[in-house]
Each structure stands twice: as structure tokens, then as C-alpha cells.
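Below is one structure, written out as C-alpha cells; comments come after it.
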Protein chains: 2
Amino acid sequence: MSAAGPRRRDSAATKQALLEAARRRFAADGYAATYIRDIAQDAGVNVALIARYFGSKEGLFRDCLASSADDLERSVADNLTVDDLPELMTSHLTGLKKGEYPTRILMLLRSSGDERAEEIRLGTLRSFAERIAAMTGSSGDAAVLDAQFVLAATLGLTILRSSGMQPLAAAGEAEITPRLRRLITAMLG
Amino acid sequence: MSAAGPRRRDSAATKQALLEAARRRFAADGYAATYIRDIAQDAGVNVALIARYFGSKEGLFRDCLASSADDLERSVADNLTVDDLPELMTSHLTGLKKGEYPTRILMLLRSSGDERAEEIRLGTLRSFAERIAAMTGSSGDAAVLDAQFVLAATLGLTILRSSGMQPLAAAGEAEITPRLRRLITAMLG
DNA sequence: AACTGATGTAATCACTGGTTGACTTTCTCC
DNA sequence: GGAGAAAGTCAACCAGTGATTACATCAGTT
């Protein structure tokens, strides 16, 4: 991490750095308000590399979304029950570090207008709702609807927290998990 | 409203038309992805009038946000109880007409980066949370936190519906109100 | 009818941001 | 170590966007 000299050339690492910088920007500011020059600067590389590695700003956004969706899907083990949901959602919500945005979830709320990106986004949200519904043992539209209420609450909490609404933004797991448990029990119990 | 001939000159009506067109666009696409030329065209008016009446795109956005916030605040009567919340929120959520976005609520989720606009936005959200908390009779951070969970759910539901997530997007009051009642009772009951 | 201020229009400007192609530097392999 | 490929940089281009300006038209007044 020494600042002296140019960084060793490594396309995979550069691509990753761009992806992470982009995810932060897109998650925080949305697609249209994010400028690829800023992303490149965050990643410490030249703007033109975005075109080279991702084809276009759209392409970069799609890759961000896909990788975020993938991370999220992978974080949900197959044998989870309704009882595990509060902890799982709290952990995504509060994130690993203080002050860091829950970029993965926020990405699911950002739209670029691109059709393929929208497919990934809605597909992921839909898959989540269905997996939650499946945990209850029930099926059908009514069960998915219940699950969507839980999902909606999580998304809304993410937004409110990321815009700094107090006291929610400062709340820790101790405050959030039991409330999520109450909410989830009411909707899926 | 006849299409024949130039519209009668009426600055107040023009301003209102611009405001409504802008609210739709901003709510649907966000600030950065909305172009004032589109707004003007929707309103059937020349672009330059936006500068004349609102100073700038920022100014127009602020007025949209302020009027949306005002509409929402006014819709909450002072003597409401927790029991009235499900119906109130459902009505905002489903809106008056089918297919029409709940622009007022969505505006509260749109950010322009402008400081003054952000104050209105966060102030309105905060005021809502506090009014909901007050309905429970309790006070303090814990009560506001509970209220924010209800608010978050409403915002999340608005987003999911407006992005066409089925079956939620097609659900009517009969499906939504009872579920909101369950959720609200669990959080505030 | 002429004047005046309000309302609306069209052309233009200055600038931003995504994209492109040529160029330079670093790495890899023989 | 040198050739060729890969990685990265640079400068220019171009479409689009918000803002501005000068001009036209209408309604009410005297």
C-alpha cells in the first residue's frame, strides 16, 4: 500500500477495484448521478479502462448489480428457517463496518433504465421473496405477498438508515434484531 | 381543456401543470435522470418557463418536494389513532388511480444533492415518524424506532409496487390493509 | 389605436460526461 | 535481451443538458 511508484499491473485486481468503487458510488448516489470519472478516480485508474473492461457505464452497472445479487443470494443458506431471518437481515442491514453503506442491498434499489439490468434486479428481488415464502411452508400468492412485506420492510430500513435518519441510523443489532423478529413473526409466524 | 387553439394564458395554471409533470418525472426517474425538456413537454409548455417560474431545475425540485410533503402532512388528521393507520397508509400506497405512481411518497425518496431539499425530505420523514410514535402514547427513542419500522415498511412497499413486483403490484386494498394491520399491530400495538 | 407588462417561443451558449482511438509503459515468454 | 502482447494513459470528440438571451404575442389600460 506504499504510495511510491506506480502500482503493479494486474488486470484482475484493477477490474475488482473498479467494481468495488462503482458499487459504492452507484449504491450511494444512483446510476444517473454517478460519474465514471469519479469511479475511476476512486479506483486509482484511468477512465478509459471502464470502457475496456466493462464495455460501457451500463455494462459496469450490470456487473455491479449481478455481483451484488450473487453475494446476497449466496449469503442465504438453503436450510434457513423463519427463525433465522431476523439475524440474517440485521446483519445485512447493519453491515460489517460502521458508517459503511449496505451496498449490496442498495444496489437492488438502483435502476439504470437498462432492460437487462432491470431483469437482474427484479429477478433477484422476486427470488428473495419466494425463498422467504418457502420458509413458511406455505405457497401461493398469499404467502409471497406476506414475504414481500418483510422484504419491503428490510428495503425501507436500509434506505432510512443510509439517509441518516435518527435514531434508526445509529441503532445497533440489539435494537434492530428484536424489532425485526416482532415484524417477521407477525407477517410469517 | 379543448385541444383547439393555443391554451389560454394563465401563469398559475402553467405553473401547476409544470409542478405536476415534474412530480411525476422526478418520482418515477429520480432527479438526475429527469430532464427539464421532458417535463416541459409533458406540461405542454416551453422549457424556458421552468427557469422563469422556478429559477432552476433545483428550484423546481424543491417546490415539488415541498408541495408533496405538504400534501402528505395535510392528509394526516390530528386526531388519528394507531387503529386508523392501516387504512391511511393503504390509501396512499394504492393511490387514487390504477397504474398511477404514488408520487407524493416517492418524492420523499428522491434526492437531488441539494442541501435545502434534503432538509425538507428528512424533516418530513422525521415528522411522520414522530407523529406515528405519538399515536402510541409512548415517547422516546424506542417509540420513534418502532414507528420508523412502520414507516420503512410503507416506503419499501411503495418501491416494490412501483417497480411492478408481482403479486404485490397487483394487490388491492383487500390484500394490503389487513397485512399492514398485522404489521402495525406488531410494531405499535 | 398606442402603450405596457406579463406570458410564451426559438435559437444559442457553455459545459459536462461517456466514448473512442492512438499512444506509452509494463509484462511475459522464447 | 528483444519481440510481441497486455495493461494502462492521454487527448480529443460528440451528443446531450441546463441555462440564457433576444424576440414575438397577448391582455388589459388609457
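All values below come from the heavy atoms of this structure, side chains included, with hydrogens, waters and symmetry mates left out. Proteins get letters first, then strands, A, B, ... in listed order; numbering begins at 1 in each.
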>> Can you tell me if B:Ser11 touches the phosphate of C:dA6, counting only side-chain N or O atoms and a distance under 4.0 Å to OP1 or OP2?
In response: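 False: B:Ser11 side-chain N/O out of range (4.0 Å or more) of C:dA6 OP1/OP2.
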>> Looking at A:Thr14, I'd like to know whether one of its side-chain N or O atoms comes within less than 4.0 Å of OP1 or OP2 on D:dA7.
In response: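 The answer is no; no side-chain N or O of A:Thr14 sits under 4.0 Å from OP1 or OP2.
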> Between the side chains of A:Thr94 and A:Arg161, does any donor sit under 3.5 Å from an acceptor?
Replying inline: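 No donor-acceptor contact under 3.5 Å links the two side chains.
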Over how many whole Å does the gap from [X] atom [atom1] to [N] atom [atom2] extend?
X       : N      : atom1 : atom2 : value
A:Arg9  : D:dG8  : CZ    : C1'   : 4 Å
A:Ile39 : C:dT19 : CD1   : P     : 11 Å
B:Phe61 : D:dG18 : CZ    : P     : 14 Å
B:Lys57 : C:dT16 : NZ    : P     : 15 Å
B:Ile36 : C:dT16 : CD1   : C1'   : 15 Å
B:Ile50 : C:dT9  : CD1   : C1'   : 14 Å
A:Asp38 : C:dG17 : CG    : P     : 8 Å
B:Phe54 : C:dG8  : CZ    : C1'   : 15 Å

Would you indicate which nucleotide in [options] comes nearest to any side-chain atom of [X]?
X       : options                : result
A:Arg37 : C:dT25, D:dT17, C:dT19 : C:dT19
B:Leu49 : C:dT9, D:dT9, D:dA19   : C:dT9
B:Ala48 : C:dA10, C:dT20, C:dG8  : C:dA10
A:Tyr35 : C:dT19, C:dG8, C:dG17  : C:dG17

>> Taking any heavy-atom pair under 4.0 Å as a contact, classify B:Tyr53: base, sugar-phosphate, or nothing.
In response: sugar-phosphate
>> Show the nearest heavy-atom pair for residues B:Arg121 and B:Leu108, with the distance to one decimal.
In response: NH1-O, 2.8 Å
> So, for A:Pro102 and A:His92, which heavy atoms are closest and what is the spacing to 0.1 Å?
Replying inline: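 Of all heavy-atom pairs spanning A:Pro102 and A:His92, the closest is CB-O, 3.5 Å.
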>> Looking at B:Gln41, I want to see if its CD is surrounded by more than 12 non-hydrogen atoms of other residues, nucleotides or ligands under 6.0 Å.
In response: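 At most 12 heavy atoms, drawn from other residues, nucleotides or ligands, come within 6.0 Å of this atom.
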>> I'd like to know whether CZ of B:Arg131 has more than 12 heavy-atom contacts from other residues, nucleotides or ligands below 6.0 angstrom.
In response: yes
> Mapping A:Ala51 and B:Asn46 onto DNA chain C by nearest heavy atom, which one lands closer to the 5' end?
Replying inline: B:Asn46
